[in-house]
Structures are given as structure tokens and as C-alpha cells.
Number of protein chains: 2
Amino acid sequence: MSLRHAVLGLLADTSASGYDLMKSFETSLDHVWHATQSQVYGELGKLTAAGLLEVSDEGPRGRKEYVVTPAGRDELRRWLTETEPVRQRRNDTLLRVFFLGELSTQEAVGFLEREAERCAGERAALEEVEKTVGRVEPFSVNGRLALEFGLRLATMQEEWARWAAAQVGAREKAAGAQDGAASHDASGRPVEPKDPESSER
Amino acid sequence: MSLRHAVLGLLADTSASGYDLMKSFETSLDHVWHATQSQVYGELGKLTAAGLLEVSDEGPRGRKEYVVTPAGRDELRRWLTETEPVRQRRNDTLLRVFFLGELSTQEAVGFLEREAERCAGERAALEEVEKTVGRVEPFSVNGRLALEFGLRLATMQEEWARWAAAQVGAREKAAGAQDGAASHDASGRPVEPKDPESSER
DNA sequence: TTGAGCATGTAAACTGTTACATGATTGT
DNA sequence: ACAATCATGTAACAGTTTACATGCTCAA
């Protein structure tokens, strides 16, 4: 239910139109709380009906500018101070990792290495953003903390993917040393190695 | 749409009933791909209708055991090898960080420190799991890779939260040194410091 | 015989995505 | 005149959550 608080939070900083908010969602908030245009306009209506927002101005092209009401600001504070963040319960990459046993060792290693590359790319992109925003104010002071989080996450994820690829690769070697044959059955799926006493962490 | 693949993936390992699957979702997959009982039973029906699963056995209490069909295994492989993981686009904690400006410096630092504690707790819990699973096989080989990811994530997140708390705290000090007064306005919200030349990263 | 655990399902409400639909204003 | 961009909204569908509803089996 945090779309509501994302909208409230953005408007707490400066009043804006739905269109303006969408630009914030697409740029600064894109990796933090993704939202579609449909959702934003819908939520603006609901928040206004609930008395947490008000239309402060109407401009050309039917533009409506919204401001947070005192009740809205209270709700935002309540959310920040009295409710626990709900943590992520889904991670597509990790889900795939669980089922890597369906692939050959080579395929699994390939998957993890592509993952590492993806993260490296992401980190590079974030480093670019960091340079770009420099000391420019529009990018919120606290947004900078979030950016740092993204950077650390991408770094960690890349390191993990490389480590995991090495782990899976080591399993292959261990199995190969045991029976001297390719460790796949007819279906191309890997054979479970008996005891891969692999480690290094 | 990965609930489908989570179910397929679990059944690719061993055939099971909806009830059995739910236990997997609640234990090993809980942090990786959360699902509710409603969803699982619904998806089993859809997958069977689509020919990706079959009921292999019916036991007491209306128990139905499902197996993956060759088509199901193909679909699983296709998903693993030919589709890109979709990455997370929402993070409640980070969203809150964006709006920390609504709180006093003390409150913001408190938020970040609580966050650090939460992560420390999580890490401890995962370390416990790691010890518990030991060399027990039911916990998938690749699940171990996911566990390591969780461990690294919790560690990184805790470090980040402590760093961020220090950053925010440093802003307070800088502002205090400038005007020698508490940097809050009447509403208890922080006053924007002019130029907190804080760094250390 | 009773309670814990096994086992399946449905309905309603809510949240999120995709696609469509419309039109005004501004700069070139 | 035209394109780009501003600007708002709706509808259909897909996915998710919460709550309800039901009944069987087994061991103590």
C-alpha cells in the first residue's frame, strides 16, 4: 500500500501535477518504487477524496496541481515513524538459482556469469548517475543515500554471482575427477555429484 | 508471472501435492518467492490444464500428487535459459529514505539505526539456518547459493544503514555548528542545512 | 475421542499492468 | 502545419492477499 506514501512523499517536498509526479517516478524513484501513470492518477484521486491532498491550482490543458494537506503530512509522518518497512519477498534471479539443477553445469555457470555482467553494467550506470547529479539540488539529499545503496547492492550482487559461478564450476570439476566422464544424463541434465567438498568463501 | 515457474521448478525436483509445495514455499522459498496457499492451488490447476503438469497419484484426504510433464520441463528450461530475470522495482525501506527529510535528524538517524538492527537480526537468523541445514540434502544444493546471497545482502544492508545514519548525523552537526541552535522549525521538521560538506565514504 | 496436522478449494477485495482514448499548447 | 510534449483519464485483464469453508486421518 506504499504507492500512496510515495505520492504523499513527493508532494510533501513540492506541490506538483500528476504529470510532474510521473517524471519523478520515472527518474529518481524508478528503481525504488516503480509506478505506472494509471496508478498515479488513480491514487491522486483517492488521496484527494480521503482529504490527504488538495487541488491547489488548475493550469492550461486541464493541469491540476496538488498540495499535501496537514492530514496528509500527518499520515506521511505516521507511516515513516510508526510502521515497519515491509521487506521484499520476491527475487526472480534467486528463484532461478534454486532451479539451476535443471541446467547443465555449463549453462548454470553461463547464467551466473551473465548475471554478474548485468550487475556490472548496472553499477556503471549508477556511477554515471552519481557523476551527473554532482551537487545539483533537485536530486534529493536523501536520494543520494539511496543511490549509494544501489551502488553497494550492484557491487555485492556481482561479487556474489562470480563466487556462485565458481562454486558451480567447481562442482563440475569434482564430478569429472571422480568418474572421468561428462556428468550429464541423456536428457542433458546434470547428474548430482556425491560429495562436492567445495568451499572457498 | 514466475509463480508458475516456481511451482514447476519445485515439482521438477520431486513430485508433490499442493500441501507439500506450500511447505517448500514457507521454508526454503519464503524469502525468494513468497506465495500463498490460494495461489499455489490455483496455479496447480492452471498448469495441469495447460498440460505442464499431471496428477500422478491420489492419496487419502483427497491428496493429489503432481508430476511435471515433458512439456513442463521444457517450459522450465526455456524460462531459465531464454528469458531475462525481471529485477526488483520496489523497496519499501529505500522509499522511506527518500522522504527522511520529513523527520527530524534524530528521528531519521533512529530510523536508519533500527534498520541496521533489523538487518543484523536477519543475518543472525540466516547464520542459524546455515548451521542447521549443515550437510542435509533436502535443502537444495543451489538453495545454498541463495542463502549465501541473503547473508551478503543482510551484511551489506547493515553496513549501509550504519553509514547512512552517520551521514545524516553529520548533517545535524554541521548545521548546529553554523547557527548554534537546534535545526528544527516549529513543526518539528528539519531545516535544510545550506551546505553540509560531509563526506567519508 | 479429540486435537493436531493433512488436504483442498472458493470468493471478494485489492493492487498492478497494458492498452486505449482524447485533447490542448508550444515552438519551429 | 506539424511534431513534440503536456496533460488527464478509463477499461480490461492479470496477479496477489485475506478470509472463509470444508472435511479426512492418525496418533495419543
Side-chain angles (χ1 to χ4, degrees), chain A residues 1-8 10-11 15-27 29-50 53-66 79 83-84 86-92 95, chain B residues 1-8 10-11 15-27 29-50 53-66 79 83-84 86-92 95:
Chain A
M1 243 264 296
S2 286
L3 171 65
R4 137 164 315 204
H5 299 107
V7 169
L8 233 28
L10 287 172
L11 287 171
S15 54
S17 67
Y19 190 85
D20 296 336
L21 290 179
M22 267 321 288
K23 279 187 293 188
S24 295
F25 274 103
E26 280 161 11
T27 55
L29 243 49
D30 191 47
H31 291 78
V32 164
W33 203 270
H34 176 82
T36 61
Q37 184 248 42
S38 273
Q39 269 182 296
V40 170
Y41 282 106
E43 198 61 45
L44 284 170
K46 284 183 222 162
L47 282 164
T48 306
L53 294 182
E54 266 172 16
V55 176
S56 59
D57 192 21
E58 308 213 9
R61 282 169 289 215
R63 179 179 210 269
K64 284 186 246 172
E65 196 164 87
Y66 293 86
W79 173 66
T83 66
E84 281 264 297
V86 303
R87 59 129 174 257
Q88 285 323 125
R89 296 165 89 81
R90 277 173 192 140
N91 182 325
D92 195 347
L95 179 63
Chain B
M1 243 261 297
S2 284
L3 171 65
R4 139 164 314 204
H5 300 107
V7 169
L8 231 30
L10 287 172
L11 287 171
S15 54
S17 66
Y19 190 85
D20 294 338
L21 290 180
M22 268 319 290
K23 279 187 292 188
S24 295
F25 274 102
E26 280 161 11
T27 55
L29 243 46
D30 191 47
H31 292 77
V32 164
W33 204 270
H34 175 81
T36 61
Q37 184 247 41
S38 274
Q39 270 183 296
V40 170
Y41 282 105
E43 199 61 44
L44 284 170
K46 285 182 221 162
L47 283 165
T48 305
L53 295 182
E54 267 170 17
V55 176
S56 58
D57 192 21
E58 308 212 10
R61 283 169 288 216
R63 180 179 209 270
K64 285 187 248 172
E65 198 164 85
Y66 293 86
W79 171 68
T83 66
E84 281 264 297
V86 303
R87 57 129 176 257
Q88 283 327 122
R89 298 165 86 82
R90 281 178 188 132
N91 182 325
D92 197 346
L95 179 63

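Chain letters run A, B, ... following the sequence lines, proteins first, then strands; residues in each count from 1. Quick note: numbers below take in every heavy atom, side chains included, and nothing from hydrogens, waters or symmetry partners.
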Which protein N or O atoms sit under 3.5 Å from an N or O of nucleotides 21-28 of chain C?
none

To the nearest Å, give me how far apart [atom1] ([X]) and [atom2] ([N]) are.
X     : N      : atom1 : atom2 : value
B:E43 : C:dG9  : CD    : P     : 14 Å
A:L44 : D:dA7  : CG    : C1'   : 12 Å
A:F25 : C:dG16 : CZ    : P     : 11 Å
B:H5  : D:dG15 : NE2   : C1'   : 15 Å
B:W33 : D:dG15 : CH2   : C1'   : 11 Å
A:M22 : C:dG16 : CE    : C1'   : 13 Å
B:L3  : C:dG16 : CG    : P     : 17 Å
A:R89 : D:dT18 : CZ    : C1'   : 14 Å

* Asked: If every non-hydrogen atom of A:R90 is compared with every non-hydrogen atom of B:Q88, which pair is closest and at what distance?
  ->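 Looking at all heavy atoms of both residues, the shortest contact is O-OE1, 2.5 Å.
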* Asked: Nearest of C:dA7, D:dT18, D:dC6 to any side-chain atom of A:Y19?
  ->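 Given the options C:dA7, D:dT18, D:dC6, the side chain of A:Y19 is closest to D:dC6.
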* Asked: Taking the side chain of B:Y66 as heavy atoms from C-beta outward, which of C:dG9, C:dT17, D:dT17 is closest to it?
  -> C:dG9
* Is any side-chain heavy atom of A:M22 closer than 4.5 Å to a side-chain heavy atom of A:E26? -> yes
* To do: Evaluate the side-chain proximity of B:Y66 to B:V55: yes if any heavy-atom separation is below 4.5 Å, no if none is.
  => yes
* Structure fact -> For B:H31, the ring-ring contact (aromatic ring centres under 6.0 Å, His included) test, sequence neighbours excluded, returns none
* **Exam field: side chain A:D57 to backbone A:E65, donor-acceptor pair closer than 3.5 Å** => no
Interatomic distance, [X] atom [atom1] to [Y] atom [atom2] [nearest 0.5 angstrom]:
X     : Y     : atom1 : atom2 : result
A:L53 : A:K46 : CG    : NZ    : 12.5 Å
A:T36 : A:F25 : OG1   : CZ    : 9.5 Å
A:L21 : A:L11 : CG    : CG    : 4.5 Å
A:K64 : A:T48 : NZ    : OG1   : 7.5 Å

* Asked: For D:dT8, does either OP1 or OP2 sit under 4.0 Å from a side-chain N or O belonging to A:Y41?
  ->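 Indeed, a polar side-chain atom of A:Y41 lies that close.
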* Asked: Does a side-chain N or O from A:K23 land closer than 4.0 Å to OP1 or OP2 of D:dT5, or not?
  -> no
Can you tabulate the close N/O pairs, meaning under 3.5 Å, that link protein atoms to atoms of nucleotides 11-15 of chain C?
{"from": "C:dA11", "atom 1": "N6", "to": "B:S38", "atom 2": "OG", "distance (Å)": "3.3"}

* Asked: Pick the nucleotide of DNA chain C nearest each of A:A35 and B:S17; which residue has the one closer to the 5' end?
  ->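 Nearer the 5' end of the strand: B:S17.
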